[in-house]
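Hydrogens, waters and symmetry mates play no part in the numbers below; they use all other heavy atoms, side chains included. Just follow the structure's listing: the first ligand is 1, and inside any ligand the first atom is 1.
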Amino acid sequence: MTSALITGITGQDGSYLTELLLEKGCTVHGLVRRTSITQRTRLDHLFHNPAIYNKQLFLHYADLDDTTTIRRVFLSALPDEVYHLAGQSHVGASFEIPETTCQFTAMGTLKLLEILRDLEKRPRLLHISSSEVFGRPDQSPQDELTPMRPVTPYGIAKTFATQMVSLYRESFGLFACNAICYNHESPRRGESFVTRKITRAVAAISLGIEDHLTLGSLDAERDWGYAPDYVEGMWRMLQHDTADDFVLATGTINRVEDFLYAAFSSMDLDWRDYVRQDQAFVRPSEVQRLVGNPAKAQRVLGWQARTTLPELARRMVDHDVKKLKSRLESGSLSGPPDTKS
Ligand code: GDR
């Protein structure tokens, strides 16, 4: 039975990947940050399943800079596959906390690579890289050969991590792959990312709880896909016979305005009546236009993003409307959402 270890298991991608790996019959070990409040609602359905928790799914507590503990986890879990998804993932927040971003996203990855390098039986490694590494590229769409020119602390940290992963593959023979992922969303997306911030607001506005939504730049153009499609791409990368880097993207570009249109119109609302703009949400330096070329993933791995933007927006809005309605009915609606960034 394959044993897999996931860093960042409680995040959006970690939770979908856990479900996928369990379905495939793998044993899953998750690395979780030790904090006073353990945020693991995305995996609650699995933790409360006695047939799975502590039988096929195990949690281990360690921060990404705690190499001694992580090494100990590796020696007890003996994973065949490692999916490294953890890190500070908010691009806007990386301007506020650049040191933390580099400590976890850049150095955390290097520390993990160093642990793998020393292991007698080295597992295969998947590192989640990002389209942010391309920054303001000369080439559109971007592919695996596009030069990296990051323009945000997050993008710079991811570039360091991505290049280290390639270097350890080439220099030390590690089976290590970069999944260069473009934006991928879902009902499990954190509420401070633009898509979920929008769909949560559409739900609140349609139920009469809120009357507007405040955003930053509406001009930015992104390649938005559906997260479960992307974790399948990551899994395929580790099943392939050679380690390599792959762009995971839809190949379709949309503006923030297009997502607004799709989300609001799914509830028969006109976004122009509700959206305000505030400089506080505009980043000091911004990637304006990113779209990926997924041809290599399609050709080599047979992978393709299957979900369109209107479908994605509708799925997220439906989820948020249902969730908000049930909170209203149970009287548990309290406190503002986490949409500061
Ligand atoms: P991004 O995603 O920075 O592309 O990184 P995000 O959803 O944060 O922003 C997308 C675009 O929307 C604009 N925007 C706003 N963004 C946020 N968060 N909040 C706002 O109010 C707002 N208004 C406008 C942004 O300026 C940006 O142009 C995501 C993350 O998941 C990364 O971890 C990942 O690596 C990349 O996608 C690929």
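- Contact analysis puts His90 in contact with ligand 1, with a non-hydrogen atom separation below 4.0 angstrom.
- Taking any N or O of Trp224, backbone or side chain, none lies under 3.5 Å from an N or O belonging to ligand 1.
- Among Asn183, Leu218, Asp278, the residue whose heavy atom lies closest to atom 29 (C) of ligand 1 is Asn183.
- For Arg189, the heavy-atom gap to ligand 1 drops under 4.0 angstrom.
- Although no hydrogens or angles enter the test, the distance criterion places no donor-acceptor pair under 3.5 Å between the side chain of Ser171 and the main chain of Tyr168.
- For ligand 1, the atoms lying closer than 4.0 Å to a non-hydrogen atom of Val256 are 12 (O).
- The existence of a salt bridge linking Lys325 and Glu329 is excluded, since no basic side-chain nitrogen approaches an acidic carboxylate oxygen closer than 4.0 Å.
- The Glu286 neighbourhood of ligand 1 comprises atoms 25 (C), 26 (O), 27 (C), 28 (O), with distances under 4.0 Å to a heavy atom of that residue.
- Here Lys158 has no heavy atoms under 4.0 Å from ligand 1, in either its backbone or its side chain.
- Taking distance alone, with nitrogen or oxygen atoms compared against 3.5 Å, Glu132 stays at or beyond that limit from ligand 1.
- If you number the atoms of ligand 1 from 1 as listed, the ones under 4.0 Å from a heavy atom of Tyr154 come out as 32 (C), 33 (O), 34 (C), 35 (O).
- Proximity to Gly216 (heavy-atom distance under 4.0 Å) selects the following atoms of ligand 1: 21 (O), 22 (C), 23 (N), 24 (C).
- Note: Phe47 and Tyr53 have perpendicular aromatic rings, judged against thresholds of 30 and 60 degrees for the angle between ring planes.
- Here the shortest heavy-atom distance to atom 6 (P) of ligand 1, taken over Arg283, Arg196, Gln12, belongs to Arg283.
- Residue contact check: Lys197 has heavy atoms under 4.0 Å from atoms 20 (C), 21 (O) of ligand 1.
- Which parts of ligand 1 touch Ser131 is read off a 4.0 Å heavy-atom cut-off, strictly below it: atoms 38 (C).
- By the 4.0 Å heavy-atom criterion, Gly92 is excluded from the residues contacting ligand 1.
- Residue Phe95 qualifies as enclosed at atom CZ: its count of foreign heavy atoms under 6.0 Å is above 12.
- Judged by distance alone, with hydrogens and angles left aside, the side-chain atoms of His90 form a donor-acceptor pair with the main-chain N or O of Ser192 at under 3.5 Å.
- Distances below 4.0 Å separate heavy atoms of Ala220 from the following atoms of ligand 1: 28 (O).
- By heavy-atom distance, the residue among Gly225, Gly292, Ser217 lying nearest atom 24 (C) of ligand 1 is Ser217.
- With respect to Asp65 and Lys111, no salt bridge is recorded, no charged nitrogen being found less than 4.0 Å from a carboxylate O.
- Between His29 and Phe58, the distance from one ring center to the other falls under 6.0 angstrom.
- Proximity to Ser89 (heavy-atom distance under 4.0 Å) selects the following atoms of ligand 1: 30 (C), 32 (C), 33 (O).
- Taking the six-membered ring where tryptophan is involved, the planes of His184 and Tyr230 are essentially parallel, since the angle between them stays under 30° and well short of 60°.
- By the 4.0 Å N-to-carboxylate-O rule, Glu232 lies close enough to Arg306 to be salt-bridged with it.
- Between Asp138 and Arg149, at least one side-chain N (NZ, or NE/NH1/NH2) sits under 4.0 Å from a carboxylate O, which counts as a salt bridge.
- Around the CZ atom of Arg314, the shell of radius 6.0 Å holds no more than 12 heavy atoms that belong to other residues, nucleotides or ligands.
- The shortest N or O to N or O distance between Leu215 and ligand 1 is not under 3.5 Å.
- Looking at Arg236, its side chain does come within 3.5 Å of a backbone N or O of Gly302 through a donor-acceptor pair.
- Where the criterion is an N or O separation shorter than 3.5 Å, residue side chain and backbone included, Tyr182 fails it with respect to ligand 1.
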